[in-house]
**Student:** 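Questions regarding the structure given below will be posed in turn.
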Amino acid sequence: MTAITDLILTTAPDDGACSTSDHSNADMLCDYLHQHYQGTHLHKTDEHAGGHKRMQSDVFMAAVDYLDEVALLEYFQQIPWQYPEKAQLLLKGPHDATFQLFQPTQS
């Protein structure tokens, strides 16, 4: 039996990625998932959006089995986001009908 949580992270453009980048903020969350959840990592997906223009945010996704949401949210709040007002974490647990939205509380 599994208990998968869907995770979507949106950030300001170039506020970190799971590869070499100018800012390591999203990388920190990616590394946390990798270390705590058997190599799970965020996949950057905004390049796959349709249209003729680049999205105005970076979008990362992952599916995590048995996610400790409280621990993840505590870690998310500790990350020094370059643009915290643009960072959003959406979580949808195995028994949730919709995503819950979380944003950094620091300014």
Side-chain angles (χ1 to χ4, degrees):
M1 176 137 183
T2 62
I4 297 172
T5 299
D6 297 330
L7 182 153
I8 301 172
L9 172 69
T10 65
T11 67
D14 302 320
D15 201 2
C18 290
S19 61
T20 304
S21 65
D22 292 336
H23 309 289
S24 62
N25 299 322
D27 294 334
M28 292 175 67
L29 194 59
C30 186
D31 290 343
Y32 175 89
L33 292 172
H34 184 79
Q35 292 172 6
H36 293 89
Y37 295 97
Q38 302 173 337
T40 297
H41 64 277
L42 295 170
H43 293 275
K44 194 166 184 303
T45 61
D46 52 278
E47 305 94 12
H48 302 289
H52 299 289
K53 300 290 183 180
R54 184 178 191 266
M55 288 190 65
Q56 299 300 298
S57 61
D58 286 349
V59 180
F60 306 86
M61 297 177 142
V64 184
D65 208 6
Y66 298 105
L67 177 68
D68 181 343
E69 289 185 20
V70 172
L72 179 74
L73 290 170
E74 287 175 2
Y75 188 80
F76 174 72
Q77 292 296 338
Q78 295 172 13
I79 295 173
W81 298 100
Q82 183 179 14
Y83 301 102
E85 69 280 5
K86 296 183 179 183
Q88 299 181 333
L89 180 63
L90 293 99
L91 299 176
K92 185 174 151 309
H95 304 292
D96 297 332
T98 61
F99 281 90
Q100 293 182 59
L101 172 67
F102 302 92
Q103 291 186 270
T105 54
Q106 76 266 17
S107 55

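Just so you know, these numbers come straight off a predicted model, no measurement behind them. Index from 1, following the sequence.
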**Student:** Per the side-chain contact (heavy atoms from CB on, under 4.5 Å) rule, which among Leu72, Asp65, Thr5, Asp68 passes with Tyr37?
**Tutor:**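 With Tyr37 as partner, Leu72, Asp65, Thr5, Asp68 yield a single side-chain contact (heavy atoms from CB on, under 4.5 Å), made by Asp68.
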**Student:** Donor-acceptor pairs are to be reported for all side-chain atoms of residues 90-103 against protein atoms at under 3.5 Å, with residues two or more places apart or in another chain.
**Tutor:**
residue	atom	partner	partner atom	Å
Asp96	OD2	Gly93	N	2.7

**Student:** Determine whether Val64 and Tyr75 fall in the same hydrophobic cluster, where Ile, Leu, Val, Met, Phe, Trp and Tyr are linked whenever their side-chain heavy atoms lie under 4.5 Å apart.
**Tutor:**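 Val64 clusters together with Tyr75.
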**Student:** For a 4.5 angstrom cut-off between non-hydrogen side-chain atoms, does Pro80 reach Met28?
**Tutor:**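 With C-beta onward as the side chain, the pair touches.
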**Student:** Can you confirm whether Gln56 is buried at CD, in the sense that more than 12 heavy atoms of other residues, nucleotides or ligands lie under 6.0 Å from that atom?
**Tutor:**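 Open.
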**Student:** I'd like to check Leu89 versus Leu7 (side-chain heavy atoms, cut-off strictly below 4.5 Å). Are they in contact?
**Tutor:**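 They are in side-chain contact.
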**Student:** Do Thr45 and Met61 come close enough that some side-chain heavy atom pair is under 4.5 Å?
**Tutor:**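 Thr45 vs Met61: side chains touch.
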**Student:** Transitive ILVMFWY cluster of Tyr83 at side-chain heavy atoms under 4.5 Å: who else is in it?
**Tutor:**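 When side chains under 4.5 Å apart are linked, Tyr83 ends up in no cluster with other residues.
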**Student:** Strictly distance-based, threshold 3.5 Å: is any side-chain N or O of Asp46 a donor or acceptor partner for the main-chain N or O of Asp58?
**Tutor:**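 No; zero donor-acceptor contacts below 3.5 Å.
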**Student:** I need the Glu47 CD to Met55 CE distance, nearest 0.5 Å.
**Tutor:**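 Glu47 CD to Met55 CE: 10.0 Å, rounded to 0.5 Å.
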**Student:** Any non-hydrogen side-chain atom of His34 less than 4.5 Å from a side-chain atom of Thr40?
**Tutor:**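 In short, these two side chains do not touch, never coming nearer than 4.5 Å.
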**Student:** Is any side-chain heavy atom of Pro104 less than 4.5 Å from a side-chain heavy atom of Phe76?
**Tutor:**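 Yes. Closest side-chain heavy atoms under 4.5 Å.
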**Student:** Report the distance from atom CH2 of Trp81 to atom CD of Gln88, rounding to the nearest 0.5 Å.
**Tutor:**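 Rounded to the nearest 0.5 Å, the CH2-CD separation comes to 11.0 Å.
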